[in-house]
Amino acid sequence: MTIPSLSPTEARALLAQGAALIDIREPDEHARENIAEAHLLSLSAIENGDRLGPFEDYDTVIFYCQSGTRTAQNAQKLAQAVAPAKVFILEGGLNGWKKTGEAVLKDRSQPLPIMRQVQIVAGTLILIGVILGYSIHQAFFLISGFVGAGLLFAGVSGFCGMARLLSVMPWNRR
């Protein structure tokens, strides 16, 4: 089943006619930046069996994520979560919405999404390990190896210890 995508302009027209706009990103991503009309129903919540709840009465549903990739990759799952509604994907996701000049709500007081924090910390540790390994002592390369092994484990197992650690940091507490 292929789900058609809509340009932001086409999506805006359907929203004016009463369609629902659903953000499938995680709550931390949604809190930092989102489309005002959007309801949050994260992909992880859908995978856990959650449905639209009070939004089930919509005849037309438009899903979006940050760039459109997650939405396209999970189109079948999304369509099943709102069946029998007509389902569309917002072309380009939130980034596409912003490119056309449509307004978004931003709350820069919210922390960066956890996965971006993981990327920043992991990248920094790997870079430090390489710099120190070349300039001071080869043993510092173990830092890069340890972080790489942790990322590999997270990818294979679905458990990211660094994300878990970062989520309890003071700046991420709500």
Side-chain angles (χ1 to χ4, degrees), residues 2-3 5 8 21-36 38-52 62-81 89-100 102-174:
T2 303
I3 296 178
S5 60
L21 182 62
I22 308 295
D23 186 348
I24 67 160
R25 299 174 305 146
E26 294 304 312
D28 58 341
E29 295 175 279
H30 180 83
R32 189 160 171 93
E33 184 176 45
N34 64 76
I35 300 170
H39 304 285
L40 176 64
L41 182 64
S42 68
L43 183 58
S44 60
I46 292 170
E47 288 171 342
N48 288 334
D50 292 358
R51 290 188 44 88
L52 286 182
I62 306 164
F63 287 105
Y64 81 94
C65 60
Q66 187 70 38
S67 67
T69 304
R70 258 183 287 186
T71 316
Q73 289 173 341
N74 294 283
Q76 189 69 36
K77 232 180 271 185
L78 300 173
Q80 289 171 350
I89 294 173
L90 179 61
E91 192 175 276
L94 182 63
N95 294 340
W97 185 265
K98 292 189 298 189
K99 273 185 186 174
T100 62
E102 293 284 352
V104 295
L105 299 176
K106 294 181 183 183
D107 185 355
R108 296 292 183 212
S109 69
Q110 295 293 322
L112 288 173
I114 292 293
M115 290 318 297
R116 284 198 47 205
Q117 292 180 46
V118 167
Q119 293 167 338
I120 291 167
V121 171
T124 301
L125 289 172
I126 290 169
L127 183 60
I128 287 170
V130 169
I131 291 170
L132 294 176
Y134 276 117
S135 62
I136 296 179
H137 192 274
Q138 291 179 348
F140 284 107
F141 285 123
L142 292 173
I143 295 171
S144 302
F146 180 73
V147 173
L151 292 173
L152 176 63
F153 178 77
V156 170
S157 70
F159 173 80
C160 181
M162 189 181 295
R164 185 72 55 100
L165 179 64
L166 286 168
S167 69
V168 298
M169 291 292 129
W171 59 85
N172 286 320
R173 292 189 187 144
R174 298 209 165 115

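Any value given below was found using the heavy atoms of this structure, including those in side chains, with hydrogens, waters and symmetry copies removed.
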- Task: Assess whether side-chain contact (heavy atoms from CB on, under 4.5 Å) is satisfied between Val104 and Glu33, documenting all intermediate values.
- Result: CA-CA 7 Å; Val104 295; Glu33 184 176 45; 3.8 Å; yes
Decide yes or no for [X] and [Y]: does some side-chain heavy atom of the first lie under 4.5 Å from some side-chain heavy atom of the second?
X      : Y      : value
His30  : Leu40  : yes
Thr71  : Ile24  : yes
Leu94  : Cys65  : no
Glu26  : Pro113 : no
Met162 : Leu151 : no

- Smallest separation among heavy atoms of Asp23 and Ala38, with atom names: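 In this case the closest contact between Asp23 and Ala38 is CB-CB, 4.4 Å.
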State the [atom1]-[atom2] distance between [X] and [Y], to the nearest 0.5 angstrom.
X      : Y     : atom1 : atom2 : result
Ile22  : Ile35 : CD1   : CD1   : 11.0 Å
Glu102 : Leu90 : CD    : CG    : 9.5 Å
Ser42  : Asp28 : OG    : CG    : 10.0 Å
Asn95  : Thr69 : CG    : OG1   : 9.0 Å
Arg25  : Gln66 : CZ    : CD    : 5.0 Å
Asn74  : Ile89 : CG    : CD1   : 9.5 Å

- Decide, yes or no, whether a salt bridge links Glu29 with Arg70 under the criterion of side-chain N to carboxylate O below 4.0 Å.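 Between Arg70 and Glu29 there is a salt bridge, with a charged N closer than 4.0 Å to a carboxylate O.
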- Task: Not counting sequence neighbours, list each pair that qualifies as a salt bridge (charged side-chain N to carboxylate O under 4.0 Å, His left out) and has a residue in residues 127-138.
- Result: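 Not a single pair qualifies under salt bridge (charged side-chain N to carboxylate O under 4.0 Å, His left out).
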Residues 115-128 side chain polar contacts: donor-acceptor under 3.5 Å, at least two apart:
{"residue": "Gln117", "atom": "OE1", "partner": "Trp171", "partner atom": "NE1", "Å": "2.9"}
{"residue": "Gln117", "atom": "OE1", "partner": "Asn172", "partner atom": "ND2", "Å": "3.0"}
{"residue": "Gln117", "atom": "NE2", "partner": "Leu112", "partner atom": "O", "Å": "2.6"}
{"residue": "Gln117", "atom": "NE2", "partner": "Asn172", "partner atom": "OD1", "Å": "2.9"}
{"residue": "Thr124", "atom": "OG1", "partner": "Ile120", "partner atom": "O", "Å": "2.7"}

- Message: Enumerate the ring pair (Phe, Tyr, Trp, His ring centres under 6.0 Å) contacts for residues 139-170, please, sequence neighbours excluded, ordered by first and then second residue.
- Response: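 Sorted pair list: Tyr134-Phe141.
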